[in-house]
Amino acid sequence: MTGAEPETGITPGGKDGAFRDVLAADHARRGKPPRHFTDMDQQERQEVCAQLGLPKFRVSQLANHYFSHLSINPGDFTDFPAASRQEAARRFFPELITPVTVQKADQGTTIKTLWELFDGSRIESVLMRYPSRATLCISSQVGCGMGCPFCATGQLGLTRNMSTGEILEQVRAASHMMRSGQVAGGPGRLSNIVFMGMGEPMGNYRAVLSAVRQISALPPKGFGISARNITVSTVGVVPGIRKLTKEGIPVRLAVSLHAPSDKLRDELVPMNRRFNTTQVLDAAHDYYLASGRRVSIEYALMRGINDQVEHARLLAKRLNHYGNDWAHVNPIPLNPIEGSRWTASKPEDEQRFLDILHKAGITATMRDTRGSDIDGACGQLAAKVVKLQA
């Protein structure tokens with residue numbers, strides 16, 4: 001991911017060689033999204049204001065409305081000249097995402113939203129409220145080009161990258177839902193962001209990093225969600241991990257490993273043919289050394305495939321090679337996807353897997369499978385329209 005970054009999200013080696021991105025039939029066919037306030041730097045924002053005949057200080061007011069008040073409604077711009085409100089909203093806050101369906105699970109504490117984008121593309125985000133936090137799982141690409149066979153999103157192929165504005169609109173909408181009490185439990189605050197929805201975040205590095213900076217900046221320059229509460233996930237795009245390491249932003253890195261050996265991971269995570277387990281773990285450990293933050297190792301447990309004693313022991317050996325307490329393993333009970341031959345591990349195998357890791361001195365916690373009944377859990381996002389019961 002060095003130099004000019006391709007808009008398509010094609011990763012190094014993704015057009016030929018050992019790994020090729022899986023592309024959707026309509027890949028990159030659509031135009032670019034309208035430019036949003038969050039896509040612009042300060043100079044561009046001021047230039048648009050000048051075109052509207054507005055002074056520069058109006059930019060700060062718009063930022064305050066967006067990031068502090070979570071509003072893009074011109075009716076709320078009461079500090080703006082009445083004659084300029086509609087046009088300012090049109091130029092700075094074009095409608096980028098529109099809800100199609102909203103599904104709820106877990107007594108209303110898990111909410112999955114299917115969004116339609118400007119070009120008819122569809123993506124999903126999942127808001128999960130816990131007793132001590134509220135976490136939003138957001139998408140960064142339309143579809144995904146990584147082609148992991150057990151993941152619904154991976155079966156879609158990659159259509160296009162999302163803009164910074166499209167990514168951040170998911171955050172603003174969820175923040176507003178929490179603040180206004182639309183989530184079971186009453187009014188609250190969105191506290192955590194995970195880039196674990198649709199897409200490979202490292203395949204859209206530039207927009208994702210811009211979104212991270214604006215999510216973590218204090219209002220009125222951002223949403224004020226601590227960078228330490230932001231997780232960026234990857235299947236192991238090593239150049240992206242290396243680039244993120246140099247940014248010096250204390251986000252948590254999550255690596256979707258899913259297998260302890262190259263032979264098995266080549267089958268489960270095709271990107272492994274481009275960047276193998278040693279390269280991925282080396283880069284992840286270097287991220288830990290640079291940031292001081294433990295890396296999350298994501299590991300979807302699949303019955304009879306990667307959940308046996310030998311797999312757990314080899315995983316422990318591979319991680320302990322780098323020293324102690326640098327990684328936290330999240331075994332994930334595989335969430336079923338329609339038509340898949342991959343199935344969840346037996347409960348006794350899940351527990352045995354955990355026990356082996358713990359005995360090897362590795363911190364490991366079984367991942368919660370919130371939202372699986374509405375296809376909102378890890379690996380289930382496929383942007384499907386469902387008919388909701390009245």
- Can you sort out the partners of Thr98 under side chain to side chain donor-acceptor pair (under 3.5 Å), two or more places apart, ordered by chain and number? none

- Message: By the side-chain hydrogen bond (donor to acceptor under 3.5 Å, both in side chains) test, which pairs, at least two apart or in different chains, include something from residues 185-199?
- Response: none

- Tyr66: ring pair (Phe, Tyr, Trp, His ring centres under 6.0 Å) partners, not counting sequence neighbours: His36, Phe93, Phe223

- Would you say the side chain of Val194 lies within less than 4.5 Å of the side chain of Cys137, judging by non-hydrogen atoms? yes

- Task: Please check if the side chain of Arg294 supplies one atom and the backbone of His328 the other of a donor-acceptor pair under 3.5 Å.
- Result: no

- Task: Applying side chain to side chain donor-acceptor pair (under 3.5 Å), name anything that partners Ser256, two or more places apart in sequence or on another chain.
- Result: none

- Residues in side chain to side chain donor-acceptor pair (under 3.5 Å) contact with Glu350, at least two apart in sequence or another chain: none

- Met162 and Val142, any side-chain heavy atoms less than 4.5 Å apart: yes

- Task: Could you walk me through whether Met146 and Asp21 pass side-chain contact (heavy atoms from CB on, under 4.5 Å), step by step?
- Result: CA-CA 6 Å; Met146 298 297 101; Asp21 279 351; 3.3 Å; yes

- Message: Using the side chain to side chain contact (heavy atoms under 4.5 Å, CB included) criterion, which residues pair with Ala312? Sequence neighbours excluded.
- Response: Phe353, Ile356

- side-chain contact (heavy atoms from CB on, under 4.5 Å) between Leu319 and Trp326: does it pass, once the steps are laid out? CA-CA 8 Å; Leu319 297 181; Trp326 73 275; 3.8 Å; yes

- Message: Set out, in order, the CA-CA distance, both residues' side-chain angles and the distance that settles side chain to side chain donor-acceptor pair (under 3.5 Å) for Arg318 and Thr278, then state yes or no.
- Response: CA-CA 9 Å; Arg318 297 294 303 275; Thr278 298; 3.3 Å; yes

- Query: Any donor-acceptor pair under 3.5 Å linking the side chain of Thr245 with the backbone of Ile241?
  - Reply: yes

- Item | Donor-acceptor contact below 3.5 Å, side chain Asp39 vs main chain Ser163 | no

- Could you check if a side-chain atom of Val48 sits within less than 4.5 angstrom of a side-chain atom of Phe37, using non-hydrogen atoms only? no

- Item | Inter- and intrachain pairs under ring-ring contact (aromatic ring centres under 6.0 Å, His included), touching residues 151-193, at least two apart | none

- Message: Within a 6.0 Å radius of atom CG on Asn324, are there more than 12 heavy atoms belonging to other residues, nucleotides or ligands?
- Response: no

- Query: Is Arg273 reaching over with its side chain to a backbone N or O of Asp266, donor-acceptor style, under 3.5 angstrom?
  - Reply: yes

- Query: What is the minimum heavy-atom distance between Ser261 and Leu314, and which atoms define it?
  - Reply: CB-CD2, 3.9 Å

- Does a side-chain heavy-atom distance below 4.5 Å link Asp349 with Gln308? yes

- side-chain contact (heavy atoms from CB on, under 4.5 Å) evaluation trace for Glu200 with Met271: CA-CA 11 Å; Glu200 163 57 54; Met271 177 58 77; over 6 Å; no

- For residues 47-63, the side-chain hydrogen bond (donor to acceptor under 3.5 Å, both in side chains) pairs (sequence neighbours left out) are Gln43-Glu47, Gln51-Arg91, Arg58-Gln61

- Task: Answer yes when Asp307 and Lys346 have at least one side-chain N-carboxylate O distance shorter than 4.0 Å, and no when they do not.
- Result: no

- Note on the structure: Here the pair of heavy atoms bringing Arg122 nearest to Leu114 is CB-CD1, 3.9 Å

- Pro187 meets the side chain to side chain contact (heavy atoms under 4.5 Å, CB included) criterion, sequence neighbours left out, with none

- Task: Spell out, as yes or no, whether a donor-acceptor pair under 3.5 Å connects the side chain of His27 to the backbone of Leu158.
- Result: yes

- Task: Check the pair Ile72 / Phe92 against side-chain contact (heavy atoms from CB on, under 4.5 Å), numbers first and verdict last.
- Result: CA-CA 9 Å; Ile72 56 174; Phe92 285 106; over 6 Å; no

- Query: So, for Glu247 and Leu209, which heavy atoms are closest and what is the spacing to 0.1 Å?
  - Reply: OE2-CD2, 3.2 Å

- Task: Examine distances only and state if a side-chain atom of Asn306 and a backbone atom of Ala300 form a donor-acceptor pair shorter than 3.5 Å.
- Result: yes

- Message: Is it true that Asp119 and Ser121 share a donor-acceptor pair across their side chains at a distance under 3.5 Å?
- Response: yes

- Check Val269 against His258 and note the closest heavy-atom contact, atom names and distance. CG2-CD2, 3.9 Å

- Message: By the salt bridge (charged side-chain N to carboxylate O under 4.0 Å, His left out) test, which pairs, at least two apart or in different chains, include something from residues 163-181?
- Response: Arg160-Glu166, Glu169-Arg172

- Close side-chain approach of Leu62 and Phe80, heavy atoms under 4.5 Å: yes

- Side chain proximity check, Phe275 to Thr277, heavy atoms < 4.5 angstrom: no

- Is there a donor-acceptor pair closer than 3.5 Å between any side-chain N or O of Arg85 and the backbone N or O of Pro74? no

- Listed by chain and number, what are the side chain to side chain contact (heavy atoms under 4.5 Å, CB included) partners of Thr113, not counting sequence neighbours? Pro99, Val102, Ile111, Trp115, Ser125

- If we only count heavy atoms from C-beta on, is the Cys49 to Phe57 side-chain gap below 4.5 Å? no

- Message: Can you confirm whether Thr135 sits close enough to Thr231 that some side-chain heavy atom of one is under 4.5 Å from a side-chain heavy atom of the other?
- Response: no

- What pair of heavy atoms forms the shortest contact from Arg265 to Val280, and how long is it? NH1-CG2, 4.2 Å

- Message: I'd like to know if the side chain of Glu87 reaches the main chain of Ser84, judged simply by a donor and an acceptor atom lying under 3.5 Å from each other, with no hydrogens or angles considered.
- Response: no

- What one should report as the nearest heavy-atom pair of Ile167 and Ser139 is CG1-O, 3.9 Å

- Message: If the condition is side chain to side chain contact (heavy atoms under 4.5 Å, CB included), which residues does Asp355 pass it with, not counting sequence neighbours?
- Response: Gln351

